[in-house]
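See structure below.
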Amino acid sequence: MNEKQLIANFAANRIEDGMLVGLGTGSTANVFIEALALRAKEEGLKISTVASSVISAIKAQQAGLPVWAIEQVGQLDVYVDGADEVAPDLTLLKGRGADLVKEKLLAKAARRFMVLADPSKFVDWIGERYPIPIEVAPFAWRLVKTSLEDIGGRGDLRLNAAGDNVAVTAHGSLVLDMKFEVAFDSKTLNQLLSGTPGVVEHGIFSGLATSVVTVRDGRVQEVLGGR
Ligand code: 5RP
């Protein structure tokens, strides 16, 4: 069993009968969806889910899990998702996919947000490996880019998989992938980005994770955080 499977199984075993579970997006989230569906089937658990993306909704439905529309949900018991980077204070970087808006919405609405992170995801500071994905209203991208350049941001619009045009997110936004020359701490950068007009959402998840599940020395560990 590989690390992602160990972590996903651990998380699936933490889900209780009757829970409403938020499903993240990405390769780790996919393994969790499979593990959860298997457990629900084998143990006859009544689990409902709400998905952060069309891809995860379809995967869950195909695996036999009931999926609610996000509009029907006021609160969820737990949200389970992967991350691109995890800092020591459990701030996350997410959003290499195109589903950032729903991911953050569900992470915030859940009583618990369990992050599934294999050891490769841990960093000393947010932005160490990847640029920060910043979703912008399409008409605002140039003005937002200028605002971010004024505070030391460097980057450009994300391109689609073919590389022949800009990428458009599930929410209909464009994405600026920006590195920051100034060494902002993630809390400050979170506030700066959230306070920039034209920014729809961004990939810094600050103060949202309640735990991170990982593998150390071949053993699954859950590191608890606060909100
Ligand atoms: C998508 C995300 C993913 O959770 C993140 O990219 C990690 O993906 P993976 O589990 O495939 O490594 O934030 O927007």
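All residue numbers refer to positions in the sequence shown, counting from 1. Indexing begins at 1, ligand by ligand and atom by atom, following the structure's order.
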Under a heavy-atom criterion of less than 4.0 Å, does G24 contact ligand 1?
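Under 4.0 Å: no for G24.
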
Taking [atom] as the reference point, the nearest protein heavy atom with its distance:
atom	answer
atom 3 (C) of ligand 1	T25 O, 3.3 Å
atom 1 (C) of ligand 1	E103 OE2, 3.2 Å
atom 13 (O) of ligand 1	K94 NZ, 2.7 Å
atom 12 (O) of ligand 1	K121 NZ, 2.7 Å
atom 10 (O) of ligand 1	T28 OG1, 2.5 Å

As a check for students: among D99, L116, D84, L100, identify the option with a heavy atom nearest to atom 8 (O) of ligand 1.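 That would be D84.
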
As an exercise, identify every atom of ligand 1 less than 4.0 angstrom from a heavy atom of [X].
X	value
G95	2 (C), 13 (O), 14 (O)
D81	4 (O)
A83	4 (O), 5 (C), 7 (C)

- Can you check side-chain hydrogen bond (donor to acceptor under 3.5 Å, both in side chains) on T25 and S52, steps first, answer last? CA-CA 6 Å; T25 299; S52 58; 2.7 Å; yes

* To do: Using side-chain contact (heavy atoms from CB on, under 4.5 Å) as the criterion, point out the one residue from I33, V213, L116 that pairs with V80.
  =>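 Option passing the side-chain contact (heavy atoms from CB on, under 4.5 Å) with V80: L116.
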
Residue pairs fulfilling side-chain hydrogen bond (donor to acceptor under 3.5 Å, both in side chains) with at least one residue in residues 137-147, sequence neighbours excluded: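 Sorted result for residues 137-147: K145-E149.
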
From CA spacing to verdict: salt bridge (Lys or Arg N to Asp or Glu O under 4.0 Å), D177, R158:
CA-CA 6 Å; D177 281 319; R158 184 182 293 179; 2.9 Å; yes

Inset, instruction - Could you name each residue pair satisfying ring pair (Phe, Tyr, Trp, His ring centres under 6.0 Å) that touches residues 14-45, not counting sequence neighbours? - result: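 Sorted result for residues 14-45: empty, none.
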
V31, L6: one ILVMFWY side-chain cluster at the under-4.5 Å cut-off?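 Unlinked, V31 and L6 end up in two clusters.
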
Does any N/O atom on [X] come nearer than 3.5 Å to any N/O atom on ligand 1?
X	answer
G97	yes
G26	no
S27	yes

Cationic tip of R216 within the cone over F122's six-membered ring, i.e. under 6.0 Å and within 45° of the normal?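 Pair R216/F122 counts as cation-pi.
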
- Query: Can you find a side-chain donor-acceptor pair between Q221 and T214 that sits under 3.5 Å?
  - Reply: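 There is no such pair (donor and acceptor under 3.5 Å, judged by atom type) between the side chains of Q221 and T214.
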
**Request:** Determine whether the side chain, the backbone, both or neither of A98 has a heavy atom under 4.0 Å from any heavy atom of ligand 1.
**Result:**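 Answer for A98: neither.
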
I'd like to check N190 versus L193 (side-chain heavy atoms, cut-off strictly below 4.5 Å). Are they in contact?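 No, side chains not in contact.
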
